[in-house]
> 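The structure's right below; bear with me while I get my questions together.
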There are 2 protein chains.
Amino acid sequence: NHPPVRGVALDTNQAQIAMRHVPDYPGRAAKIFGKLAQENISVDMIIQSQRSRLMDQIPSRDIAFTVSRNDAELTEKILQNLLPEIGAQDILLDEDIAKVSLVGAGMVGNPGVAAKMFSALAQQQINIQMITTSEIKISCVVAKSQGERALQIIHEGFDLGNY
Amino acid sequence: NHPPVRGVALDTNQAQIAMRHVPDYPGRAAKIFGKLAQENISVDMIIQSQRSRLMDQIPSRDIAFTVSRNDAELTEKILQNLLPEIGAQDILLDEDIAKVSLVGAGMVGNPGVAAKMFSALAQQQINIQMITTSEIKISCVVAKSQGERALQIIHEGFDLGNY
Ligand SMILES: C[C@@H](O)[C@H](N)C(=O)O
Ligand SMILES: C[C@@H](O)[C@H](N)C(=O)O
(Lines give C-alpha, C1' and ligand atoms only; values in the text may rest on other atoms or scores of the structure.)
(Ligands and ions follow the chains in the order given, each with its own letter.)
Protein backbone atom coordinates (compact mmCIF):
# COMPACT_ATOMS: atom_id res chain seq x y z
CA ASN A 1 0.00 0.00 0.00
CA HIS A 2 0.97 3.67 -0.03
CA PRO A 3 1.59 5.00 3.48
CA PRO A 4 2.37 8.51 2.25
CA VAL A 5 -1.06 8.90 0.65
CA ARG A 6 -3.94 9.73 2.98
CA GLY A 7 -6.87 10.99 0.99
CA VAL A 8 -8.25 12.56 -2.12
CA ALA A 9 -10.08 15.88 -2.43
CA LEU A 10 -12.24 17.44 -5.12
CA ASP A 11 -12.65 21.18 -5.53
CA THR A 12 -15.27 22.30 -8.04
CA ASN A 13 -15.32 25.89 -6.85
CA GLN A 14 -12.39 27.17 -8.83
CA ALA A 15 -11.92 28.88 -12.16
CA GLN A 16 -8.71 28.96 -14.14
CA ILE A 17 -7.22 32.09 -15.66
CA ALA A 18 -4.14 32.36 -17.83
CA MET A 19 -2.26 35.41 -19.03
CA ARG A 20 -0.48 34.26 -22.15
CA HIS A 21 2.89 35.35 -23.45
CA VAL A 22 3.93 37.51 -20.53
CA PRO A 23 7.30 39.01 -21.52
CA ASP A 24 9.84 37.05 -19.52
CA TYR A 25 11.48 39.91 -17.63
CA PRO A 26 11.73 40.58 -13.88
CA GLY A 27 8.74 42.32 -12.35
CA ARG A 28 5.87 41.06 -14.47
CA ALA A 29 4.72 38.31 -12.10
CA ALA A 30 5.06 40.75 -9.19
CA LYS A 31 2.88 43.30 -10.98
CA ILE A 32 0.13 40.80 -11.83
CA PHE A 33 -0.17 39.25 -8.41
CA GLY A 34 0.38 42.54 -6.64
CA LYS A 35 -2.64 43.94 -8.48
CA LEU A 36 -4.78 40.93 -7.57
CA ALA A 37 -3.72 41.19 -3.93
CA GLN A 38 -4.67 44.86 -3.92
CA GLU A 39 -8.16 43.77 -4.97
CA ASN A 40 -8.10 41.15 -2.22
CA ILE A 41 -8.35 38.22 -4.60
CA SER A 42 -7.05 34.95 -3.17
CA VAL A 43 -5.14 32.82 -5.62
CA ASP A 44 -4.88 29.05 -5.19
CA MET A 45 -2.60 27.35 -7.73
CA ILE A 46 -0.05 29.48 -9.60
CA ILE A 47 1.61 27.66 -12.46
CA GLN A 48 4.34 29.13 -14.59
CA SER A 49 6.26 26.79 -16.80
CA GLN A 50 8.40 26.77 -19.92
CA ARG A 51 9.52 29.75 -21.88
CA SER A 52 8.06 30.30 -25.32
CA ARG A 53 8.85 32.89 -27.99
CA LEU A 54 6.70 35.56 -29.57
CA MET A 55 6.84 36.41 -33.27
CA ASP A 56 9.09 39.37 -32.55
CA GLN A 57 11.72 37.46 -30.62
CA ILE A 58 10.60 38.48 -27.12
CA PRO A 59 10.96 35.57 -24.69
CA SER A 60 7.71 34.99 -22.83
CA ARG A 61 5.88 32.63 -20.51
CA ASP A 62 2.27 31.81 -19.84
CA ILE A 63 1.16 32.33 -16.26
CA ALA A 64 -1.88 30.30 -15.23
CA PHE A 65 -3.59 30.36 -11.88
CA THR A 66 -6.87 29.53 -10.20
CA VAL A 67 -9.26 31.66 -8.17
CA SER A 68 -12.64 30.92 -6.63
CA ARG A 69 -15.50 31.07 -9.11
CA ASN A 70 -16.91 34.15 -7.42
CA ASP A 71 -13.74 36.05 -8.23
CA ALA A 72 -13.40 34.87 -11.84
CA GLU A 73 -15.16 37.76 -13.55
CA LEU A 74 -13.44 40.48 -11.53
CA THR A 75 -10.07 38.77 -12.01
CA GLU A 76 -10.54 38.67 -15.75
CA LYS A 77 -11.45 42.37 -15.77
CA ILE A 78 -8.41 43.31 -13.71
CA LEU A 79 -6.11 41.35 -15.99
CA GLN A 80 -7.65 42.81 -19.15
CA ASN A 81 -6.90 46.29 -17.80
CA LEU A 82 -3.36 45.23 -16.96
CA LEU A 83 -2.69 43.68 -20.38
CA PRO A 84 -1.16 46.73 -22.12
CA GLU A 85 1.13 47.52 -19.19
CA ILE A 86 2.35 43.91 -18.93
CA GLY A 87 2.69 43.52 -22.69
CA ALA A 88 1.11 40.06 -22.67
CA GLN A 89 -0.91 38.57 -25.53
CA ASP A 90 -4.30 37.78 -24.01
CA ILE A 91 -6.29 36.45 -21.09
CA LEU A 92 -7.97 33.04 -21.12
CA LEU A 93 -10.70 32.24 -18.62
CA ASP A 94 -11.79 28.63 -18.15
CA GLU A 95 -14.58 27.97 -15.69
CA ASP A 96 -15.16 24.41 -16.88
CA ILE A 97 -12.68 22.90 -14.45
CA ALA A 98 -12.41 20.78 -11.34
CA LYS A 99 -9.30 20.33 -9.24
CA VAL A 100 -8.69 16.82 -7.91
CA SER A 101 -5.91 16.42 -5.35
CA LEU A 102 -4.13 13.50 -3.80
CA VAL A 103 -3.29 14.42 -0.23
CA GLY A 104 -0.56 12.91 1.88
CA ALA A 105 2.91 13.46 3.27
CA GLY A 106 6.37 12.92 1.87
CA MET A 107 4.95 12.11 -1.53
CA VAL A 108 7.82 13.76 -3.35
CA GLY A 109 10.29 11.09 -2.29
CA ASN A 110 7.95 8.42 -3.58
CA PRO A 111 8.41 7.66 -7.25
CA GLY A 112 5.24 6.20 -8.58
CA VAL A 113 2.65 8.00 -6.50
CA ALA A 114 2.08 10.68 -9.15
CA ALA A 115 2.33 8.09 -11.93
CA LYS A 116 -0.32 5.98 -10.22
CA MET A 117 -2.66 8.97 -9.94
CA PHE A 118 -2.13 9.89 -13.60
CA SER A 119 -2.71 6.25 -14.63
CA ALA A 120 -5.96 6.02 -12.73
CA LEU A 121 -7.21 9.08 -14.60
CA ALA A 122 -5.85 7.86 -17.95
CA GLN A 123 -7.62 4.51 -17.62
CA GLN A 124 -10.90 6.41 -17.49
CA GLN A 125 -9.89 8.55 -20.46
CA ILE A 126 -9.82 11.63 -18.23
CA ASN A 127 -7.50 14.20 -19.76
CA ILE A 128 -5.16 15.94 -17.31
CA GLN A 129 -5.06 19.67 -18.03
CA MET A 130 -2.82 21.23 -15.40
CA ILE A 131 -0.55 19.62 -12.83
CA THR A 132 1.12 20.96 -9.70
CA THR A 133 2.83 19.02 -6.95
CA SER A 134 4.20 19.45 -3.45
CA GLU A 135 5.22 17.06 -0.68
CA ILE A 136 1.69 17.05 0.67
CA LYS A 137 -0.44 17.38 -2.44
CA ILE A 138 -0.54 16.33 -6.09
CA SER A 139 -3.22 18.32 -7.92
CA CYS A 140 -4.65 17.75 -11.36
CA VAL A 141 -7.07 20.05 -13.14
CA VAL A 142 -9.62 18.16 -15.24
CA ALA A 143 -12.82 19.11 -17.03
CA LYS A 144 -15.54 20.00 -14.52
CA SER A 145 -17.87 17.24 -15.73
CA GLN A 146 -15.16 14.68 -15.00
CA GLY A 147 -14.43 15.85 -11.46
CA GLU A 148 -16.66 13.40 -9.62
CA ARG A 149 -15.50 10.44 -11.67
CA ALA A 150 -11.86 11.48 -11.17
CA LEU A 151 -12.41 11.61 -7.40
CA GLN A 152 -13.99 8.20 -7.40
CA ILE A 153 -11.38 6.39 -9.45
CA ILE A 154 -8.45 7.80 -7.49
CA HIS A 155 -10.31 6.89 -4.34
CA GLU A 156 -10.58 3.31 -5.59
CA GLY A 157 -7.11 3.23 -7.09
CA PHE A 158 -5.49 4.13 -3.79
CA ASP A 159 -8.11 2.53 -1.55
CA LEU A 160 -8.73 5.80 0.33
CA GLY A 161 -10.97 7.94 2.43
CA ASN A 162 -12.18 11.35 1.30
CA TYR A 163 -10.88 14.71 2.48
CA ASN B 1 3.85 41.04 9.66
CA HIS B 2 2.95 37.76 7.92
CA PRO B 3 1.99 35.07 10.43
CA PRO B 4 1.43 32.46 7.71
CA VAL B 5 5.05 32.71 6.52
CA ARG B 6 7.65 30.86 8.57
CA GLY B 7 10.84 30.52 6.59
CA VAL B 8 12.60 30.42 3.28
CA ALA B 9 14.54 27.51 1.78
CA LEU B 10 17.04 27.24 -1.05
CA ASP B 11 17.60 24.04 -3.00
CA THR B 12 20.52 24.05 -5.43
CA ASN B 13 20.54 20.29 -5.91
CA GLN B 14 17.88 20.10 -8.59
CA ALA B 15 17.86 20.01 -12.35
CA GLN B 16 14.92 20.89 -14.54
CA ILE B 17 13.68 18.78 -17.43
CA ALA B 18 10.90 19.56 -19.85
CA MET B 19 9.25 17.40 -22.45
CA ARG B 20 7.82 19.83 -24.96
CA HIS B 21 4.66 19.51 -26.99
CA VAL B 22 3.34 16.33 -25.44
CA PRO B 23 0.15 15.48 -27.37
CA ASP B 24 -2.65 16.45 -25.04
CA TYR B 25 -4.44 13.10 -24.79
CA PRO B 26 -5.09 10.87 -21.76
CA GLY B 27 -2.27 8.55 -20.80
CA ARG B 28 0.82 10.53 -21.81
CA ALA B 29 1.58 11.94 -18.37
CA ALA B 30 0.97 8.49 -16.87
CA LYS B 31 3.42 6.91 -19.31
CA ILE B 32 6.18 9.47 -18.67
CA PHE B 33 6.05 9.37 -14.89
CA GLY B 34 5.39 5.64 -14.82
CA LYS B 35 8.63 5.10 -16.72
CA LEU B 36 10.57 7.37 -14.32
CA ALA B 37 9.09 5.58 -11.33
CA GLN B 38 10.13 2.23 -12.81
CA GLU B 39 13.69 3.57 -12.86
CA ASN B 40 13.24 4.73 -9.27
CA ILE B 41 13.69 8.41 -10.10
CA SER B 42 12.15 10.77 -7.55
CA VAL B 43 10.47 13.79 -9.03
CA ASP B 44 10.05 17.02 -7.03
CA MET B 45 8.04 19.72 -8.84
CA ILE B 46 5.79 18.69 -11.73
CA ILE B 47 4.43 21.62 -13.69
CA GLN B 48 2.01 21.28 -16.54
CA SER B 49 0.30 24.42 -17.72
CA GLN B 50 -1.46 25.84 -20.75
CA ARG B 51 -2.28 24.05 -23.93
CA SER B 52 -0.40 24.99 -27.06
CA ARG B 53 -0.81 23.86 -30.67
CA LEU B 54 1.60 22.07 -32.99
CA MET B 55 1.93 22.93 -36.68
CA ASP B 56 -0.33 20.03 -37.60
CA GLN B 57 -3.20 21.01 -35.33
CA ILE B 58 -2.48 18.50 -32.53
CA PRO B 59 -3.20 20.05 -29.13
CA SER B 60 -0.22 19.69 -26.84
CA ARG B 61 1.26 20.73 -23.55
CA ASP B 62 4.75 21.10 -22.16
CA ILE B 63 5.44 19.05 -19.05
CA ALA B 64 8.29 20.35 -16.90
CA PHE B 65 9.59 18.78 -13.73
CA THR B 66 12.63 18.71 -11.48
CA VAL B 67 14.84 15.84 -10.31
CA SER B 68 17.98 15.74 -8.24
CA ARG B 69 21.14 16.63 -10.17
CA ASN B 70 22.41 13.05 -9.84
CA ASP B 71 19.40 11.79 -11.76
CA ALA B 72 19.45 14.43 -14.51
CA GLU B 73 21.49 12.52 -17.10
CA LEU B 74 19.61 9.26 -16.68
CA THR B 75 16.28 11.10 -16.75
CA GLU B 76 17.18 12.81 -20.00
CA LYS B 77 18.19 9.47 -21.50
CA ILE B 78 14.95 7.80 -20.45
CA LEU B 79 12.88 10.62 -21.88
CA GLN B 80 14.83 10.64 -25.16
CA ASN B 81 14.03 6.94 -25.56
CA LEU B 82 10.37 7.63 -24.76
CA LEU B 83 10.06 10.53 -27.22
CA PRO B 84 8.82 8.58 -30.29
CA GLU B 85 6.24 6.66 -28.27
CA ILE B 86 4.90 9.83 -26.61
CA GLY B 87 4.98 11.82 -29.83
CA ALA B 88 6.45 14.90 -28.13
CA GLN B 89 8.75 17.43 -29.81
CA ASP B 90 11.94 17.38 -27.71
CA ILE B 91 13.53 17.24 -24.28
CA LEU B 92 15.10 20.28 -22.63
CA LEU B 93 17.50 19.84 -19.72
CA ASP B 94 18.43 22.85 -17.61
CA GLU B 95 20.91 22.30 -14.80
CA ASP B 96 21.51 26.00 -14.24
CA ILE B 97 18.72 26.38 -11.70
CA ALA B 98 18.04 26.93 -8.03
CA LYS B 99 14.69 26.51 -6.32
CA VAL B 100 13.84 29.09 -3.68
CA SER B 101 10.76 28.41 -1.56
CA LEU B 102 8.73 30.41 0.89
CA VAL B 103 7.52 28.05 3.59
CA GLY B 104 4.51 28.59 5.79
CA ALA B 105 0.91 27.58 6.40
CA GLY B 106 -2.37 28.76 4.98
CA MET B 107 -0.59 30.94 2.48
CA VAL B 108 -3.18 30.31 -0.21
CA GLY B 109 -5.82 32.31 1.58
CA ASN B 110 -3.44 35.23 1.91
CA PRO B 111 -3.46 37.50 -1.11
CA GLY B 112 -0.21 39.34 -1.28
CA VAL B 113 2.18 36.71 0.08
CA ALA B 114 3.11 35.45 -3.39
CA ALA B 115 3.12 38.99 -4.77
CA LYS B 116 5.50 40.08 -2.01
CA MET B 117 7.87 37.21 -2.78
CA PHE B 118 7.79 37.99 -6.52
CA SER B 119 8.39 41.70 -5.78
CA ALA B 120 11.40 41.00 -3.60
CA LEU B 121 12.94 39.03 -6.46
CA ALA B 122 11.94 41.61 -9.08
CA GLN B 123 13.56 44.43 -7.13
CA GLN B 124 16.86 42.57 -7.45
CA GLN B 125 16.25 41.97 -11.15
CA ILE B 126 16.02 38.24 -10.50
CA ASN B 127 13.96 36.64 -13.27
CA ILE B 128 11.40 34.07 -12.11
CA GLN B 129 11.49 31.04 -14.38
CA MET B 130 9.00 28.55 -12.97
CA ILE B 131 6.41 28.93 -10.24
CA THR B 132 4.42 26.40 -8.23
CA THR B 133 2.34 27.01 -5.14
CA SER B 134 0.60 25.13 -2.36
CA GLU B 135 -0.81 26.10 1.03
CA ILE B 136 2.53 25.45 2.67
CA LYS B 137 5.00 26.43 0.00
CA ILE B 138 5.51 28.96 -2.80
CA SER B 139 8.44 27.90 -4.98
CA CYS B 140 10.24 29.87 -7.66
CA VAL B 141 12.92 28.51 -9.94
CA VAL B 142 15.64 31.06 -10.70
CA ALA B 143 19.06 30.90 -12.33
CA LYS B 144 21.51 28.93 -10.17
CA SER B 145 23.88 31.87 -9.77
CA GLN B 146 21.03 33.95 -8.32
CA GLY B 147 19.93 31.37 -5.75
CA GLU B 148 21.85 32.72 -2.77
CA ARG B 149 20.85 36.30 -3.45
CA ALA B 150 17.22 35.24 -3.89
CA LEU B 151 17.33 33.46 -0.53
CA GLN B 152 18.79 36.50 1.15
CA ILE B 153 16.40 39.09 -0.21
CA ILE B 154 13.31 37.04 0.58
CA HIS B 155 14.73 36.43 4.01
CA GLU B 156 15.07 40.20 4.49
CA GLY B 157 11.80 41.03 2.79
CA PHE B 158 9.83 38.81 5.15
CA ASP B 159 12.13 39.22 8.16
CA LEU B 160 12.59 35.46 8.47
CA GLY B 161 14.63 32.54 9.69
CA ASN B 162 16.05 29.91 7.34
CA TYR B 163 14.70 26.41 6.77
C1 LIG C 1 7.14 35.82 -16.64
C2 LIG C 1 7.41 36.45 -15.33
O3 LIG C 1 7.22 35.52 -14.29
C4 LIG C 1 8.82 37.03 -15.21
N5 LIG C 1 9.80 36.00 -15.44
C6 LIG C 1 9.01 37.67 -13.84
O7 LIG C 1 9.98 37.40 -13.17
O8 LIG C 1 8.21 38.42 -13.40
C1 LIG D 1 -0.35 16.22 -21.63
C2 LIG D 1 -0.76 15.08 -20.76
O3 LIG D 1 -0.71 15.45 -19.40
C4 LIG D 1 -2.15 14.56 -21.07
N5 LIG D 1 -3.12 15.61 -20.94
C6 LIG D 1 -2.48 13.39 -20.15
O7 LIG D 1 -3.52 13.38 -19.54
O8 LIG D 1 -1.72 12.51 -19.98
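Chain letters run A, B, ... following the sequence lines, proteins first and then strands; every chain starts at 1.
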> Measure B/Gln129 against the heavy atoms of chain A and call it side chain, backbone, both or neither at under 4.5 Å.
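For B/Gln129, backbone and side chain are both near chain A.
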> Among B/Arg20, B/Met117, B/Glu135, which residue forms the greatest number of heavy-atom pairs with chain A at distances under 4.5 Å?
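Looking at each of B/Arg20, B/Met117, B/Glu135 in turn, B/Glu135 comes out on top.
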> On a heavy-atom basis, which atom in A/Asn110 and which in B/Ser42 lie closest, and how many Å separate them?
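In this case the closest contact between A/Asn110 and B/Ser42 is N-OG, 4.5 Å.
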> Checking A/Thr133 side chain against B/Ile46 main chain: does a donor-acceptor pair fall under 3.5 Å?
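The answer is yes, because a donor-acceptor pair under 3.5 Å joins these two groups.
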> Indicate, with yes or no, if A/Phe118 and B/Ile17 share a hydrophobic cluster defined by side-chain heavy-atom contacts under 4.5 Å among Ile, Leu, Val, Met, Phe, Trp and Tyr.
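Linked, B/Ile17 and A/Phe118 end up in one cluster.
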> I need the residue from A/Gln16, A/Met45, A/Glu39, A/Arg61 with the largest number of non-hydrogen atom pairs under 4.5 Å to chain B.
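Among A/Gln16, A/Met45, A/Glu39, A/Arg61, the one with the most close pairs to chain B is A/Arg61.
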> Out of curiosity, does A/Ile63 fall in the hydrophobic cluster containing A/Leu82 (side-chain heavy atoms, cut-off under 4.5 Å, transitive links)?
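Result: yes, single cluster for both.
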> For chain A, find which of B/Asp44, B/Ile32, B/Ile138, B/Asp62 contributes the most heavy-atom pairs closer than 4.5 angstrom.
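Sorted descending by pairs with chain A, the first entry is B/Asp44.
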> Determine whether B/Ile136 and A/Ile136 make a side-chain contact, defined as any pair of heavy atoms from C-beta on separated by less than 4.5 Å.
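A side-chain contact exists here, since the closest heavy-atom pair is under 4.5 Å.
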> Relative to chain A, which segment of B/Leu92 carries a heavy atom at a distance below 4.5 Å: side chain, backbone, both, or neither?
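Just the side chain, heavy atoms under 4.5 Å.
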> Applying the 4.5 Å side-chain criterion to the ILVMFWY set and letting contacts propagate, would B/Met130 and B/Phe33 be lumped into a single cluster?
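Different clusters.
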> Measure A/Gln123 against the heavy atoms of chain B and call it side chain, backbone, both or neither at under 4.5 Å.
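Answer is neither: A/Gln123 stays 4.5 Å or more from chain B.
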> By a 4.5 Å heavy-atom criterion (distance strictly below it), what part of B/Leu121 contacts chain A: side chain, backbone, both, or neither?
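Contact with chain A is absent: no heavy atom of B/Leu121 under 4.5 Å.
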> Would you call A/Pro111 and B/Ile41 a side-chain contact if the rule is heavy atoms closer than 4.5 Å?
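When only atoms from C-beta onward are counted, B/Ile41 and A/Pro111 do not touch, as no gap falls below 4.5 Å.
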> Is chain A contacted by the side chain of B/Gln124, its backbone, both, or neither, given a heavy-atom distance below 4.5 Å?
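Contact with chain A involves no heavy atom of B/Gln124 at all.
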> Can you see which heavy atom on A/Ile47 is nearest to which on B/Ile47, and at what distance?
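Shortest heavy-atom separation between A/Ile47 and B/Ile47 comes out as CG2-CG2, 3.3 Å.
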> Which atom pair, heavy atoms only, marks the closest approach of A/Pro26 to B/Asn127?
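The pair with the smallest heavy-atom distance is N-OD1, 3.3 Å.
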> Quick one: which of A/Ser134, A/Ala29, A/Gly27 has the most heavy-atom pairs under 4.5 Å with chain B, could you say?
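The residue among A/Ser134, A/Ala29, A/Gly27 with the greatest pair count is A/Ala29.
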> Hydrophobic cluster membership, with links at side-chain heavy-atom distances under 4.5 Å among I/L/V/M/F/W/Y: are A/Val22 and A/Val43 in one?
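Yes; A/Val43 is reachable from A/Val22 via cluster members.
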> Can you see whether A/Gln48 engages B/Gln50 through a side-chain donor-acceptor pair at a distance of less than 3.5 angstrom?
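The criterion, which ignores hydrogens and geometry beyond distance, is not satisfied for B/Gln50 and A/Gln48.
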> Determine whether A/Leu83 and A/Leu74 fall in the same hydrophobic cluster, where Ile, Leu, Val, Met, Phe, Trp and Tyr are linked whenever their side-chain heavy atoms lie under 4.5 Å apart.
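Looking at the clustering, A/Leu74 is in the same group as A/Leu83.
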> Between B/Ser49 and chain A, which part of the residue has a heavy atom less than 4.5 Å away: side chain, backbone, both or neither?
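Both parts, heavy atoms under 4.5 Å.
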> Give a yes or no on this: more than 12 heavy atoms of other residues, nucleotides or ligands lie within 6.0 Å of atom CD of A/Gln80.
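Yes.
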> Do other residues, nucleotides or ligands put more than 12 heavy atoms under 6.0 Å from the CD atom of B/Glu148?
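Atom CD in B/Glu148 is not crowded, with 12 or fewer foreign heavy atoms closer than 6.0 Å.
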> Between B/Ile126 and chain A, with a heavy-atom cut-off of 4.5 Å, which part of the residue counts as in contact: side chain, backbone, both or neither?
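The backbone, not the side chain.
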> Pick whichever of B/Thr132, B/Ile128, B/Val141 has the most heavy-atom pairs under 4.5 Å with chain A.
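Looking at each option in turn, the highest pair count goes to B/Ile128.
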